[in-house]
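To keep things clear, I will list the structure first and then write my remarks on it.
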Amino acid sequence: QAKEQFFPVLVYRTGAYAPNGTPWANGFIDYLKLTNARGGINGVKVIWEECEFGYATDRGVECYERLKGKNGGASMFQPLSTGVTFALTEKAPVDKIPLITAGYGRSESQDGGVFKWNFPLAGTYWVAADVLIQHIAKQEGGFDKLKGKKIALVYHDSPFGKEPIPLLQERATMHGFQLSLLPVAHPGVEQKSTWLQIRQQRPDYVLLWGWGVMNSTAIKEAQAVGYPREKMYGVWWAGAEPDVKDVGAGAKGYNAVTMQHGAEPNAAFIKEILDKVHAKGQGTGPKEEVGQVLYVRGAISAMLAVEGVRRAQERFGKGKVMTGEQVRWGLENLELTQAKLDALGFKGVMRPISTTCQDHMGAAWARIHTWDGSKWQFTSDWYQADEQIIKPMVRAAADKYAAEKKIQRRTPQDCQS
Amino acid sequence: MAQRKIGDVILDVRNISLRFGGVKALTDISFDVREHEIRAIIGPNGAGKSSMLNCINGVYTPQEGSITFRGRTFSHMNSRQVAEMGIARTFQNLALFKGMSVLDNIMTGRNLRIKSNLFLQALRIGPAEREEIEHREVVERIIDFLEIQAYRKTPVGQLPYGLQKRVDLGRALAMEPQVLLLDEPMAGMNVEEKQDMCRFILDVNDEFGTTIVLIEHDMGVVMDISDRVVVLDYGKKIGDGPPEEVRNNPDVIRAYLGTSH
Amino acid sequence: MAFFIETVFGGLMAGMLYALVALGFVLIFKASGVFNFAQGAMVLFAALAMARFAEWYPQWLGFDNLLLANALAFLTAAALMFVVAWLIEALVLRHLVNQEGATLLMATLGITYFLDGLGQTLFGSDIYQINIGMPKDPVFILEGTFEGGILINKEDLIAAGIAAALVAGLSLFFQKTATGRALRAVADDHQAAQSIGIPLNRIWVIVWCVAGIVALVAGMIWGSKLGVQFSLSTVALRALPVIILGGLTSVPGAIVGGLIIGVGEKLSEVYLGPLVGGGIEIWFAYVLALVFLLFRPQGLFGEKIIDRV
Amino acid sequence: MTTPAPVLTVNGIEVIYNHVILVLKGVSLQLAEGQIAAILGGNGAGKTTTLRAISNLLKGERGEVTKGSIELRGERIENLTPADLVKRGVVQVMEGRHCFAHLTIEENLLTGAYTRKDKGEIAANLEKVYTYFPRLKTRRTSQAAYTSGGEQQMCAIGRALMANPSVVLLDEPSMGLAPQIVEEVFEIVKDLNQKEKVSFLIAEQNTNMALRYANYGYIMESGRIVMDGAAEDLRNNEDVKEFYLGMGGGQRKSFRDVKSYKRRKRWLA
Amino acid sequence: MFYRENGQFKTSYRDDQQIFPIAQDRWAILALVAFAFVGVPLLADEYLFRAILIPFLILSLAAIGVNILVGYCGQISLGSGAFMAVGAYMAYNAFVRIEGMPLIVALLIGGLCATLVGIVFGIPSLRVKGLYLAVATLAAQFFADWAFLRIGWFTNHNPSGSVSVSNLSVLGWRIDTPVEKYLFCLGVVVVFALLAKNLVRSAIGREWMAIRDMDVAAAVIGIRPVYAKLSAFAVSSFIVGVAGALWGFVHLGSWEPAAFSIDRSFQLLFMVIIGGLGSIMGSFFGAAFIVVLPIFLNQFLPWLGGLFGLSVSTAAVSHTEYMIFGALIVWFLIVEPHGLAKLWSIGKQKLRIWPFPH
Ligand SMILES: Nc1ncnc2c1ncn2[C@@H]1O[C@H](COP(=O)(O)OP(=O)(O)OP(=O)(O)O)[C@@H](O)[C@H]1O
Ligand SMILES: Nc1ncnc2c1ncn2[C@@H]1O[C@H](COP(=O)(O)OP(=O)(O)OP(=O)(O)O)[C@@H](O)[C@H]1O
Ligand SMILES: [Mg+2]
Ligand SMILES: [Mg+2]
């Protein structure tokens, strides 16, 4: 019997967020194809099935239920929406399936002591927010220069958009800048009054915590009220091609934080995908999209999952099919060193990631990239989020969750299992 | 046939005027209705007959005038009060509850008398169920009386026009009213059916002693069954009296009957 | 003060754009008594068609002229909307003559799903651009009087002009012509209208076609502002309080309603929003409409609700 | 007497509502050119259904003709739309008024002329309708919903006349009209019939009136034609006299004297 | 031939007033309920429970609530999502803020709060009608969306605005596994469906329908529009609120306001219209149609494609699913504008006169 590791893939290729969901899904699948082309995970072939959920939580849950038991059981899930992440956080421990929420989901789930099954690998919204403030401070010439500055947060009015608020508030009190909160209702096509307010308040910086069409709308409105795009910083999910593509030159100068990667047309693994997958006519999406921001993000998400399985095999038997529980261990003990990353073709794309029982995030690094009118360019160095700030916040939030749910913190023995 | 005793004035309409913008639907109308009598209102189209009933009913509020019912005087009544006092009516342009069955339509006529509250009705135990059955018995009697047994469960929307008229009457009867206002109950019926309808009206009048106010265009019917007739024309009263007298009133002949009658 | 003026102005402009979408609803409701849930989907469908054809024509025919491409795309999209109208009549409405409002509403919902699916199948689900050469950058006026001047958006101004022209034309059409009267008759009573020889089929095709063109214009303008993608269909929700406020059956009502809602919601968001945490404009628009309704249950210009026994 | 050619021929039609309710069970009738035919029958006999079948208005009621054929001057018309029929001169006045509630009386009348183009003719026709029904003229600017029942009935009839029809299907024209107006309506029918050769098919409950003006009559019961004949003959038929004219024994019976247990005449067992 | 009521004579009005006067129907329904309680737990798998049966049951309940308002009382509501949200969030607050709060009581509290909100937003119905009223209910919807995001108290000051519950139990019976959840929902739904059915066939139900069909005439026979409309709003939002609480507590476990967005409101309205306005049974049909059909299509289309050797992309499947779903809605409406329930009763009618066609 062929050995097959099953990867369910929740996608949204339709609906309001399809322009963003599609490239992510294509990158994810292409990387899985590449993995098989490379000979699988120590000989174990990867198989997958897509389930379209249109960014709707209940359909996402249905997909999860449908796929979780298929083909010998799901190795992991990537919920790909904050709403679904919340819902699955309740279900995954029961089903013993790990959740990877690379760069999204709930920030406190970094705390593996409480969130045993959640893996916000490579960064959370708090990391992103923290790095943004660091970058702005640097632009201004130091944290002390932030005093009295005005920063506006234009955010998607949903748990996704609200995630960074506690951290930004923390930073605001620390440095004495003024944070104004401007929510935008789903899906974000109506922002006129938001931007009128921005024109009135004239904040020094605008942080854009949007998703989907909200981002391009925001940039267009900024243009319409004459707010300089150079002073606008998007979140990880507001800094990809679909966000600026149809604004074109009008978006020139717009920045976004990106946890680790950006658009990576020259990365080795991208070349390999073009070579081993697309050249064989097996590419999932159009060729032009390969290497774009969201595509790369999908691919990295797939890579993290694959490496989780590989790591698990190291403990539970190379060349074997891993259960969800075993993959969870793998994800908890990831050790993606620079060398390993380079070997996988991610040289220059990202920094090492290593997780522990306590820390399910594994890295807290990010950079800023800027739209130059036709493509995304890195315009900053690496920043590391400030542990001093984030750690206590994570701890407090996780404790609150544990108390509500009557969950005991994991013991050191449990961490071994 | 039991001899009906026509009693005192039960409903007294005084100086009613009703206007809609520029349209004077009723101008200074007064008439009275005695207990147990059959009082007809006739008049050409648009004379204001239906509007008169609507005023009595509380559907329209007249600008001037008052209505006295059993000694209580109102300048405006609200529909609920009117119903509670025992005035029921039927409608010219069928106003049945289209989506409901015949049985349910007539049952709505009993709603005023239902005592049990929402919770008891939801649980449908004890008093609620007993009450439902009591009222159902009354309604079944009405259904028998009107000879519409076969259509009990049919949605009224599907019934032919004539039967709908009967259901409309049934619904009003279910209220066990003291005064029954009938707006052209026999329109769209042939002679045979009109006879049936007359029989129902007369029976109600005889057996329950219900006072009846009747609008009708069929002069045969009006002449035969009514005790007194009011004639309206362009919102004004042009005649009032026993059928024979009205029939010979030249104003009435000119305005309404035409020469052939 | 300058800011207040700016806000009011922004509201007026937004209001005109709502009015444009609202117009589509009103047309169909007025002419057939159907509350056309699919209006949003039609806006999206038309905009997608326009965006994609404008992209494809130069490729297919090998020319490079924005104006020509847009003109051709507009005509093609209009033709497509005509086909859609015709199909809707032949496949749906014709079979639902004389049915209740709820049923027809539900049918338009079916159409919504269908158009959403079809649009994305034919034209893709990515984000597309309509470039009709609208000026994007703001101008400032009265810079002498107010500090920073008053910001005016040329794009909005042009869009509002187009909307106003469209609405004016259509209201004339409805009030003055025999066809307009026939449309209102159809809305009152399908069967009676049929019985006196009003050809329901043709009337419906015409109306849906006009609504389709209105949707196309709305889609073109909104699309040029926002980019063409799925969320465009949600502008329909913003148009709802507008038609309710203006009156479901009134073309001028769509405009006035649009302006009131536009200004009302912007002012509320800007002045009240910060007090309660912001994001109130959507529900505020609905509450505003509701307040008006309490005084005039048929909307400002709607036909009186007939209530008679 | 030579009967003129039939304009309208109904051949054994069956009508089913809602796929299950069989209402007409093989109805055949004819309307001769330039004549007036009456369909009589009790409530629910199927008169309205017959007229709807002819004018193709059944679909909206979820009914369909499942058998038989309908011809207009020799042409099959089952598959035409109501609008096509109006163009061919066939107009129905629907039972229960059906005025356009939000339109004024005058607008109602004008929509009736939808199929016509000539402005002058339309205006003339409007005047004609107003002379037929002066009451309408006084109420011309009221919304139809706010006119009295009788006024609406006049409006519906007037509206049909605005189409300049050659065949009119009248469904209970007398319903709700004052006696004088009933007479007038029938006079108008006669007038149009004689002067303009308009043919009428009238479903009526007012048997007396109908038989007085019609040339030919059909009596319907439970979805079948149970009797037909020249109006004259029907008027003198004893059964018809008793049950439709209320003149059993040659004398009109008082409505007060109807017995409580009365056997009804049924042609069908 | 076998489906007939002949020979079944009703000797009392009580018999005639049963919910299912025909014996065959009665037995069939009893058997169905028994099967739902006993048979289904033995047969169905986890996926069926969690992804289909539980959502189906809860949404059926919500649809019953909406049907009372829209179908029976004729007041168009596009705010059902809001009432569900109120139910869910208030039940949540009762549950987490009061120590030892029993689940059932929390659900009922959720329902009662929804009732209050329902009545408040029902007040405009006294003046505003039809589609115009929809705007009042939409105001409720958008206001609720906003309030639950913006007002920290509702979410127990959870910064993200998302809340979750766990450790559900009723009288010591822990509700953990899908089967338990299913049985719990089933119990609630059966009870509420029965109560709702009782209401709609009682005096109050007749008042609602009377108001729906012709409000002026209803007033003339003594029905108070105020009472009838507001009681419909109250009962409807109570049921919808409980359904909302179940949706949050039992189905999702953790939720954000988006779970009760306007899409949910529309979805419920569609269920009611497709199922049949003014039919309790129809609410179930409608819920089944709207819940199950898309899922079915989503799985069936790739399978169908597979038969012909096509590998259909997810996006294409999804788009086709939209188109087929839309087309089916239209098709059903053309076949029977009064919804699946009516189709069902016509079917029964045909069966009754079978083998004769009419
Ligand atoms: N839309 C419908 N759906 C179902 N049954 C109908 C429908 N319309 C009419 N019927 C039934 O068809 C039969 C004939 O009705 P029709 O209206 O043709 O009678 P009619 O002779 O015109 O009676 P009336 O004198 O009362 O107008 C009646 O039994 C009626 O219940
Ligand atoms: N709500 C209203 N708004 C405006 N005008 C009205 C209204 N109700 C009635 N009218 C007008 O008042 C006049 C009297 O109408 P009403 O219905 O009382 O007449 P009627 O005597 O019942 O006539 P018919 O015998 O034709 O039924 C009519 O001219 C009618 O148009
Ligand atoms: Mg009248
Ligand atoms: Mg009839």
Side-chain angles (χ1 to χ4, degrees), chain C residues 29 35 37-38 41 91-92 94-96 99-122 124-125 234 237 240-241 243-245 247-248 276-280 282-290 293-295 297-299 302 305 307-309, chain E residues 70-71 74 76 78 121 123-124 127-147 149-152 214-217 219-220 262 266 269-270 272-274 277 315-316 318-335 337-339:
Chain C
F29 189 81
F35 188 80
F37 206 83
L91 299 177
V92 184
R94 176 176 300 193
H95 305 280
L96 290 172
Q99 296 305 330
E100 286 150 33
T103 307
L104 292 167
L105 175 102
M106 195 63 203
T108 62
L109 191 93
I111 297 172
T112 308
Y113 277 105
F114 192 85
L115 278 184
D116 280 349
L118 186 68
Q120 295 187 66
T121 308
L122 294 179
S125 46
T234 61
L237 273 184
L240 280 189
I243 36 177
I244 294 285
L245 175 62
L248 276 170
V276 289
I280 65 170
I282 291 203
W283 65 259
F284 195 87
Y286 280 92
V287 171
L288 194 66
L290 188 58
L293 282 192
L294 291 179
F295 294 101
Q298 70 274 37
I305 296 169
D307 190 6
R308 232 204 124 181
V309 280
Chain E
V70 181
I76 295 183
L78 290 173
F121 280 96
I123 290 173
R127 207 169 142 67
V128 182
K129 287 183 191 168
L131 283 167
Y132 289 97
L133 179 64
V135 90
T137 55
L138 273 173
Q141 176 68 50
F142 287 112
F143 184 76
D145 281 357
W146 176 85
L149 272 171
R150 193 73 53 237
I151 302 175
M214 184 138 291
D215 48 1
V216 187
V220 167
I262 178 124
F266 282 123
L269 188 67
F270 309 154
V272 181
I273 301 179
I274 280 282
L277 287 167
S318 185
H319 297 153
T320 319
E321 178 192 319
Y322 269 99
M323 289 198 278
I324 296 182
F325 187 58
L328 275 178
I329 288 179
V330 171
W331 185 72
F332 267 114
L333 288 175
I334 290 174
V335 174
H338 294 109

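Computed from a predicted model, the values in this text were never measured in an experiment.
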Examine whether an atom of E:Ile262 lies under 4.5 Å from a heavy atom of chain C, and if so say whether it belongs to the side chain, the backbone or both; otherwise answer neither. side chain
Under a 4.5 Å heavy-atom cut-off, does chain E meet the side chain of C:Leu96, its backbone, both or neither? side chain
Apply ring pair (Phe, Tyr, Trp, His ring centres under 6.0 Å) to C:Phe284 and list each qualifying residue two or more places apart in sequence or on a separate chain. none
When rounded to the nearest 0.5 angstrom, what is the spacing between CZ in E:Phe325 and CG in C:Asp116? 12.0 Å
Taking all non-hydrogen atoms of both residues, which atom of C:His95 and which atom of E:Ile334 are closest, and how far apart? CB-CG2, 3.6 Å
When E:Val135 is tested against each of C:Leu293, C:Ile243, C:Leu240, C:Leu288 for side chain to side chain contact (heavy atoms under 4.5 Å, CB included), which residue passes? C:Leu293
Could you walk me through whether E:Phe266 and C:Leu109 pass the side chain to side chain contact (heavy atoms under 4.5 Å, CB included) test, one step at a time? CA-CA 10 Å; E:Phe266 282 123; C:Leu109 191 93; 5.8 Å; no
Are the side chain of E:Tyr132 and the backbone of C:Leu248 linked by a donor-acceptor contact shorter than 3.5 Å? yes
What residues, two or more places apart in sequence or in another chain, satisfy ring pair (Phe, Tyr, Trp, His ring centres under 6.0 Å) together with E:Phe142? C:Tyr286
So E:Ser318 and C:Gln120, side chain to side chain contact (heavy atoms under 4.5 Å, CB included) or not? Walk me through it. CA-CA 10 Å; E:Ser318 185; C:Gln120 295 187 66; over 6 Å; no
How long is the span from the CD1 atom in C:Ile244 to the CG atom in E:Leu138, to the nearest 0.5 Å? 8.5 Å
Inter-residue atom distance E:Phe270.CZ - C:Tyr113.OH, 0.5 Å rounding: 5.0 Å
Looking at C:Thr112, C:Leu91, C:Leu237, C:Leu104, which makes the most heavy-atom pairs under 4.5 Å with chain E? C:Leu237
Between C:Gln99 and chain E, with a heavy-atom cut-off of 4.5 Å, which part of the residue counts as in contact: side chain, backbone, both or neither? side chain
Examine whether an atom of E:Ala316 lies under 4.5 Å from a heavy atom of chain C, and if so say whether it belongs to the side chain, the backbone or both; otherwise answer neither. neither
Would you say E:Arg127's side chain and C:Pro297's backbone share a donor-acceptor pair under 3.5 angstrom? no
Closest heavy-atom pair, C:Gly278 versus E:Trp146, reported as atoms and distance to 0.1 Å, is O-NE1, 2.7 Å
Apply the side chain to side chain contact (heavy atoms under 4.5 Å, CB included) test between C:Met106 and each candidate in E:Val330, E:Val272, E:Ile274; give the one that qualifies. E:Ile274
If one checks every heavy atom of E:Leu277 against chain C at 4.5 Å, the contacting part turns out to be side chain
In terms of heavy-atom pairs under 4.5 Å with chain E, the winner among C:Leu105, C:Val92, C:Leu294 is C:Leu294
Find the distance between CG (C:Leu290) and OG1 (E:Thr137) and round it off to the nearest 0.5 Å. 9.5 Å
Using 0.5 Å steps for rounding, measure from the CZ atom of E:Phe143 to the CD1 atom of C:Ile280. 10.0 Å
Do you know which of C:Gly101, C:Gly279, C:Gly119 has the most heavy-atom pairs under 4.5 Å to chain E? C:Gly279
